[in-house]
Amino acid sequence: MDGDTSGVEGDNWNTDDELEIDNFSLSSNSSLTLPNGEAVACSGEASSSAGSSNSKLIDHFIGMGFSEKMVAKAIQENGKENTDSILETLLTYSALESSPQGQQHIDSDHCSLECEGSFLDDFSDVDSFSDNEEITNPVSDEDEKLLSLVKMGYTRDEASIAIERCGLDSSLVELTDFITAAQMAKVADVHFPLEDKPRPNLSYKKRKHFDYEMWKRKKQRGLEKRLLHDDDDEIVRLPNPMIGFGVPNEMCQTIHRTLPEAAIGPPFFYYENVALAPKGVWTTISRFLYDVEPEFVDSKYFCAAARKRGYVHNIPIHDRYPLVPLPPSTIFEAFPLTKKWWPSWDPRTKLNCLQTCVGSAKLTERIRKAIEDYDGEPPLHVQKYVLDECRKWNLVWVGRNKVAPLEPDEVEKLLGFPTNHTRGGGISRTDRFKSLGNSFQVDTVAYHLSVLKAMFPNGINLLSLFSGIGGAEVALHRLGIPLKNVVSVEISEVNRNIVRSWWEQTNQRGNLIDLADVQQLNGDRLEELMGSFGGFDLIVGGSPCNNLAGSNRLHRDGLGGKESSLFYDYFRILDLVKCIMNKTQ
DNA sequence: AGAAAGATGAACGGTTTG
DNA sequence: CAAACCGTTCATCTTTCT
């Protein structure tokens, strides 16, 4: 993993690499220009030409390193709404452009030909774009190199590590070589961390690596699977019933699965997000996470509330066992007092997904008014109104004609947390609902993690990203798996306090390190942390679902969304840890 | 008292799936 | 067609600070 470029991928990589490095060094004194000749200084603010509501979108993709013309074409073909398919289209364009033989392949086996030929004539400006790409205003020698690398799309961390390792007087070619080698040599199937939109500097060159990889996979999959017909590539299908590889007391269990080579640990990883994400999201997530097939599970098979989630992990799936005591499995078991008031025409036995907001008092009052005139048996249209509202807001019956939202401690119970886990410490009721609504269902996660107990009798070192209120930590603790060193990264101070408080109250023997921002967690810091206790055994994370969740009416923007794009940081960090751990072995 | 910060409530569709 | 969905934003009320 030193300066050697010999990639495991074979000729394509070498050729591509050299080509790019050559391009770069040749062009390293010009300035970055767009096809229209406009010079671009640093980040994001490219192209102000479009002027419409599209311009922000266009800027977004230009910031990712695509040419303006390509972006315009992709938007035209996909419509400006579907950013995911725009991205896919752009990736396809770039993949085609990056490999000479790509065109033929796509021609021969790509099913959707509607755009073929319409974009092949765009490559000239792509070339001019990438050829002219460069850096302006270097400062000191080290800064200059750092800046150059960052502009090429590498992270600051990657850049500084490379400078540190190769020495200050190494050439840019050597430095890029080092970084690419570090990332490629390890596993054939690993592609570059795609920094996505929060970092608008991702260069076209670097993107080409990534795209080519993406295209290759796509092609492979396409050959295997789809002889059917249509457009969208392998869309991940949700299982029905949603029991993943198996849940307790259910007949059909998957006994065995074969993980892709690149996915096999160490470390173990466990990623979570909402199952009902926009189309294509889980395909992307799975592709990034080493092509591991997601496990979709509804927590209604574990507790009295639904929670449809997808989990991508490389943890063995045999010999799982549930947490004891088993949580109540119906509303009546969970809240016996409701039985007395539950009308016969409300057929619910399970609650719907526990979300971040709860029904208001005014709503429960409207419902009371709507049914109090009828003696226990309202007309059907009133029943429907009440039931719809009850299902939407997860209301339960707490008195005659009286419904109410759950209390925070009741939500804690349903989700498998200790009572009052989120209470106190200056945390408001609203914030409790919010934190709980964003959390894991502990019994579900614990079931998946249970097989680790036998494998780590002395405990584990855990990296917990987007920890929230510590669902993973609580699950492991309840499984009786000792927590040796826990690095917990969570942006919300309130949540960090909750985890810290839980940590102290449960008399943990281990060491809890909490950090605020995943984006600040770089290679240096990771090496430092891992060096002190010898690497992580497990990396857990449920990245923000804000832009994926169905309840979001305003910004359901997919994985490219403001918060949900932090998924790429999960991948980045996971990949870094894998890299570091392979290196030190 | 008045400003500032915090908490609460209500209105706000659309995508995806069976 | 029904049913479900780890949500956002703004107005208003409440509490705290000066």
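Lettering of chains follows the sequences in order, A, B, ..., and the numbering in each one begins at 1.
Residue pairs satisfying the side-chain hydrogen bond (donor to acceptor under 3.5 Å, both in side chains) criterion with at least one member in residues 435-446 of chain A, sequence neighbours excluded, are listed as follows: A:S299-A:T444, A:S435-A:N495, A:Q441-A:D443, A:Q441-A:T444. Residues in residues 235-252 of chain A take part in no side-chain hydrogen bond (donor to acceptor under 3.5 Å, both in side chains) pair, two or more places apart or across chains.
Two residues, A:R237 and A:G426, neighbour DNA chain B, and the one matched to the more 5' nucleotide by heavy-atom proximity is A:G426.
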- Task: Treat a base pair as Watson-Crick or G-U wobble with both distances under 3.5 Å, then lay out DNA chain C in dot-bracket form, 5' to 3', with | for cross-strand pairs.
- Result: |||||.||||||||||||

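Classified by interplanar angle (parallel below 30°, tilted 30° to 60°, perpendicular above 60°), the ring pair A:F567/A:Y271 is perpendicular. Ring geometry for A:H313 against A:F245 counts as perpendicular: the plane angle is over 60°, on a 0 to 90° scale with 30° as the lower cut.
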- Counting primed atoms, P, OP1 and OP2 as sugar-phosphate and everything else as base, the B/S/- map of nucleotides 1-16 of chain C against protein heavy atoms under 4.0 Å is --SSBBBBS-------

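The distance from atom NZ of A:K279 to atom C1' of B:dG14 is 13 Å, rounded to the nearest whole Å. Straight-line distance from the CG atom of A:N240 to the C1' atom of B:dT17: 9 Å, rounded to whole Å.
Of the N and O atoms on the side chains of A:S286 and A:E293, not one donor lies less than 3.5 Å from an acceptor on the other residue.
For C:dC6 and B:dG18, the C1' atoms lie 23 Å apart once the distance is rounded to whole Å.
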Under 3.5 Å, which donor-acceptor pairs link side chains of residues 379-393 of chain A to any protein atom two or more places apart or in another chain?
unit_1 : atom_1 : unit_2 : atom_2 : d
A:Q383 : NE2    : A:P378 : O      : 2.8
A:K384 : NZ     : A:D388 : OD2    : 2.8

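Geometrically, A:K350 does not engage A:Y301 in a cation-pi contact, judged by NZ or CZ lying under 6.0 Å from the ring centre and within 45° of the ring axis.
A:D537 is linked by a side chain to side chain donor-acceptor pair (under 3.5 Å) to nothing, counting only residues two or more places apart in sequence or in another chain.
Using a 4.0 Å heavy-atom distance criterion, A:L238 is classed as a sugar-phosphate-only contact.
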